[in-house]
Amino acid sequence: MPSTEGRRPPRGRAVAAAALAAALLTGGLTAAAHAQDDSALPDRDAALAEAATLRQLADERGLRMGAAVGARHLDQPDYARTAAEEFTSVTHENSLKWQTVQARPGQFDWSGADRIVEFARSNDQTIHGHTLLWHSQLPSWVADGGFTEDELLEVMDTHITAVVGRYRDDIDTWDVVNEPIGDDARFRDSVFHRTLGEDYIAEAFRMADRADPDARLFINDYNIDGINAKSDAYYALVRDLLARGVPIDGIGFQGHLVSGQVPADIQQNIQRFVDLGLEVMITELDIRVQLPATEQKLEQQADDYTRVAEACYAVEGCSGVTVWGVTDAHSWVPGVFEGQGAALPIDGGYRPKPAYWSLHEALGGDPGPAPTDPPPPGECEAAYTVTNQWQGGFQAQVTVTAGTDLTGWTVGWTFGSGESVAHAWNASVTGGGADVTATNAAYNGTLSAGQSTSFGFVGSTGGGVSSPEPACGAL
Ligand code: XIL
């Protein structure tokens with residue numbers, strides 16, 4: 001496709017939409033107009049909007065390029081658009097877990113799970129089902145139930161049959177058992193292992209297979225991306241399951257990785273499982289960096305993404321990669337790994353990071369902009385994301401990215417009716433009524449060009465939760 005001064009376009013279509021809209025709002029145009037009608041754009045921006053999406057590239061090669069999706073984020077238009085346009089497949093981040101689906105015995109809540117299935121259906125995406133049996137996010141009535149062997153088998157069968165059966169027409173691959181082996185390479189202690197011994201794994205696969213004989217069934221874990229004691233234990237386990245005729249079709253390498261520490265033998269490891277006759281998928285890829293993320297760290301991360309993606313694509317039998325979240329603002333990493341984050345290919349403002357271009361290029365698309373490309377024009381940009389909402393309230397995060405060196409910044413936006421800020425952090429927020437102004441805290445006003453910082457707040461609302469388009473300026 002045409003590029004500017006021999007450079008690759010710095011954005012893909014979906015991720016471009018928000019940034020383009022922000023850049024062009026000053027011209028009085030709306031995001032929708034830009035997303036849908038390139039002819040309204042200046043030539044250069046029209047060219048940017050034409051870059052192939054990851055989804056298009058993956059589709060051309062018959063590969064999965066998935067993302068974990070949270071049901072509660074789907075109300076955010078930028079989130080939904082990016083999830084639909086950039087990914088061939090979705091995984092329920094939490095909505096299919098036992099705790100969510102059957103928190104109490106026999107009482108099934110399908111609301112979140114259905115929401116995501118509907119979303120995938122309407123966007124013609126595949127769904128990887130996550131997960132049927134896991135020691136975590138398991139309700140206490142199962143974990144502490146004191147069941148006999150037969151009772152527990154029945155509890156498992158009821159759950160697996162209900163979940164797999166309900167989505168037979170929509171979900172064709174499943175993580176049947178998640179994380180059954182610990183980092184010590186031994187079977188992990190869980191109610192399932194304690195009650196039934198290691199055979200619970202085979203039983204779970206048989207139950208899932210009975211519920212949907214056409215589904216492809218996976219075992220899934222972290223820290224098995226390279227060859228190590230834990231992945232050796234999986235190798236022995238799945239070889240044994242296959243030898244016993246247990247209906248297992250694949251293994252998921254979660255791929256929760258630390259930047260700079262991608263195992264050198266990941267391709268070799270993928271290959272050895274494929275050689276057993278299994279499909280391999282990278283099911284939950286994120287590659288975290290120590291915050292704050294600098295340009296240099298994001299370049300290292302981009303190399304890491306290249307390594308993982310190329311290792312998979314090099315092996316026929318590795319069907320693709322799923323990233324664990326749509327953007328950095330929706331990633332589980334900062335909440336779990338203290339001081340770490342920025343683990344995904346798209347940042348909190350829906351801008352593609354160098355890692356996005358790594359995936360793009362590994363899939364056969366144009367590589368991204370050179371690391372020395374200038375930062376986005378203007379003093380700064382602000383991206384507003386609602387990260388949580390509940391009856392009467394919500395939480396939002398605003399990410400400020402400097403376009404030039406700054407010593408202070410201010411962000412303004414207009415709330416929808418009834419909305420106000422109750423409590424903010426990492427910025428001081430003022431303003432009564434609908435117009436709100438946030439200014440940097442003492443410690444996060446200085447940003448060099450291209451650097452980002454975030455602040456957040458808890459808001460109250462009398463009615464809906466809006467998605468304002470904030471404006472950002474230097475102080
Ligand atoms: C994580 C979700 O991302 C979080 O929102 C949740 O609080 C905890 O679980 N391995 C898995 C995933 O198999 O289900 C986990 O997802 C991340 C680690």
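Both counts, for ligands and for their atoms, begin at 1 and track the order of listing.
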field: Glu469-Trp413 side chain donor-acceptor pair, cut-off 3.5 Å
entry: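 No, no side-chain donor-acceptor pair sits under 3.5 Å.
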message: Between Thr88 and Asp59, do the side chains contain a donor N or O and an acceptor N or O under 3.5 Å apart?
response: no
Test of proximity, Trp134 against ligand 1: N or O pairs below 3.5 Å: no
May I ask you to identify the nearest protein heavy atom to [atom], giving residue, atom name and distance to one decimal place in Å?
{"atom": "atom 11 (C) of ligand 1", "result": "Glu284 OE1, 2.9 Å"}
{"atom": "atom 3 (O) of ligand 1", "result": "Glu93 OE2, 2.4 Å"}
{"atom": "atom 6 (C) of ligand 1", "result": "Asn94 OD1, 3.3 Å"}
{"atom": "atom 1 (C) of ligand 1", "result": "Lys97 NZ, 3.6 Å"}
{"atom": "atom 8 (C) of ligand 1", "result": "Gln137 OE1, 3.3 Å"}

Please determine if [X] and [Y] form a salt bridge, counting it only when a charged side-chain N lies under 4.0 Å from a carboxylate O.
{"X": "Arg81", "Y": "Glu86", "answer": "no"}
{"X": "Asp109", "Y": "Arg104", "answer": "no"}
{"X": "Asp275", "Y": "Arg239", "answer": "no"}
{"X": "Glu85", "Y": "Arg55", "answer": "no"}

- prompt: Closer than 4.0 angstrom: is that true for some heavy atom of Tyr222 and an atom of ligand 1?
  reply: no
query: What's the verdict on salt bridge (charged side-chain N to carboxylate O under 4.0 Å, His left out) for Asp221 and Lys230, showing C-alpha distance, side-chain angles and the deciding distance?
result: CA-CA 10 Å; Asp221 212 329; Lys230 188 170 173 182; 3.3 Å; yes
- prompt: Quick one: does ligand 1 sit under 4.0 Å from the side chain of Asn178, the backbone, both or neither, non-hydrogen atoms only?
  reply: side chain
- line: For Gln254, the ligand 1 atoms with a heavy-atom partner under 4.0 Å come out as 10 (N), 11 (C), 13 (O), 18 (C)
